[in-house]
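When reading the values below, keep in mind they use all heavy atoms of this one structure, side chains included, and skip hydrogens, waters and symmetry mates.
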Amino acid sequence: MSAIRSNLKEVMEKHDPKLSIRKLAKDVNYHFDSIRRMYKDEMVQYPRDLLLKLCIYFDVQPGELIVIEDRERSEFIIDESEEQQEELK
């Protein structure tokens with residue numbers, strides 16, 4: 001099943017394999033717990049101000065920090081047709 005997930009861990013490792021969550025939080029002046037939740041992909045909502053700070057810090061676009069797990073287009077078509085059939089009943 002598709003899901004939006006944080007790619008922060010991979011971005012951090014690519015930028016500097018030794019960069020810690022605590023150091024990143026200090027560098028971007030943001031709450032450690034929020035950075036940790038995003039790093040561990042436990043965040044439900046992504047604060048815009050945090051995304052902006054991380055994008056500037058790593059020189060990346062938001063789509064590099066937050067990604068959609070792969071899902072084939074055919075799965076979407078199957079799901080849509082099942083929903084339409086249920087609506088018709």
Side-chain angles (χ1 to χ4, degrees):
M1 180 174 223
S2 292
I4 293 177
R5 69 171 196 81
S6 170
N7 201 36
L8 178 59
K9 181 177 181 179
E10 291 81 3
V11 171
M12 284 176 63
E13 288 173 359
K14 183 178 176 184
H15 178 78
D16 178 0
K18 296 181 180 180
L19 180 62
S20 70
I21 298 169
R22 191 163 304 282
K23 170 103 169 69
L24 176 60
K26 184 178 179 182
D27 288 351
V28 298
N29 192 29
Y30 212 84
H31 307 286
F32 168 79
D33 193 52
S34 295
I35 302 279
R36 181 193 58 75
R37 281 190 317 228
M38 188 166 175
Y39 179 89
K40 293 182 176 268
D41 194 27
E42 297 172 347
M43 191 168 271
V44 177
Q45 296 178 340
Y46 301 94
R48 290 169 57 171
D49 59 333
L50 174 58
L51 290 175
L52 177 61
K53 288 180 179 208
L54 293 174
C55 285
I56 291 169
Y57 184 85
F58 292 115
D59 191 26
V60 296
Q61 292 295 313
E64 294 174 68
L65 290 170
I66 300 172
V67 296
I68 298 175
E69 289 182 339
D70 290 337
R71 183 175 180 182
E72 293 183 27
R73 175 71 184 142
S74 61
E75 292 180 50
F76 285 110
I77 295 170
I78 292 168
D79 289 347
E80 289 173 2
S81 64
E82 288 174 357
E83 287 177 12
Q84 290 171 350
Q85 288 174 2
E86 287 181 21
E87 288 176 4
L88 293 173
K89 291 181 180 179

**Student:** Would you find more than 12 non-hydrogen atoms of other residues, nucleotides or ligands less than 6.0 Å from D33 atom CG?
**Tutor:** yes

**Student:** Does one hydrophobic cluster hold both V11 and F32, with members joined at side-chain heavy-atom distances below 4.5 Å?
**Tutor:** yes

**Student:** Quick one: CZ on R22 to CZ on R36, what's the gap to the nearest 0.5 Å?
**Tutor:** 10.5 Å

**Student:** Just wondering, do I4 and Y46 contact through their side chains at under 4.5 Å, heavy atoms?
**Tutor:** yes

**Student:** Which heavy atom of C55 sits nearest to which heavy atom of P62, and what is that distance?
**Tutor:** SG-N, 3.5 Å

**Student:** I need the minimum non-hydrogen distance between E69 and S2, along with the two atoms involved.
**Tutor:** O-OG, 3.9 Å

**Student:** Take the angle between the ring planes of Y57 and H15 and call it parallel below 30°, perpendicular above 60°, tilted in between.
**Tutor:** tilted

**Student:** Is there a path of hydrophobic side-chain contacts, each under 4.5 Å between heavy atoms of I, L, V, M, F, W or Y residues, that connects L8 with I68?
**Tutor:** yes

**Student:** Tell me whether R5 at atom CZ has more than 12 heavy atoms from other residues, nucleotides or ligands lying less than 6.0 Å away.
**Tutor:** yes

**Student:** Any side-chain heavy atom of F58 sitting closer than 4.5 Å to one from V28?
**Tutor:** no

**Student:** So which atom in L50 and which in M43 form the shortest heavy-atom distance, rounded to 0.1 Å?
**Tutor:** CD2-CE, 4.2 Å

**Student:** If every non-hydrogen atom of E10 is compared with every non-hydrogen atom of S6, which pair is closest and at what distance?
**Tutor:** OE1-O, 4.3 Å

**Student:** Less than 4.0 angstrom from a charged side-chain N to a carboxylate O is my criterion; do K53 and D49 meet it?
**Tutor:** no

**Student:** Would you say L65 and M38 make side-chain contact, with heavy atoms under 4.5 Å?
**Tutor:** yes

**Student:** Using side-chain heavy atoms (C-beta onward) and a distance below 4.5 Å, is L24 in contact with L54?
**Tutor:** yes

**Student:** Count the heavy atoms of every other residue, nucleotide or ligand shown that sit under 6.0 Å from CD of E42, and state whether that count exceeds 12.
**Tutor:** yes

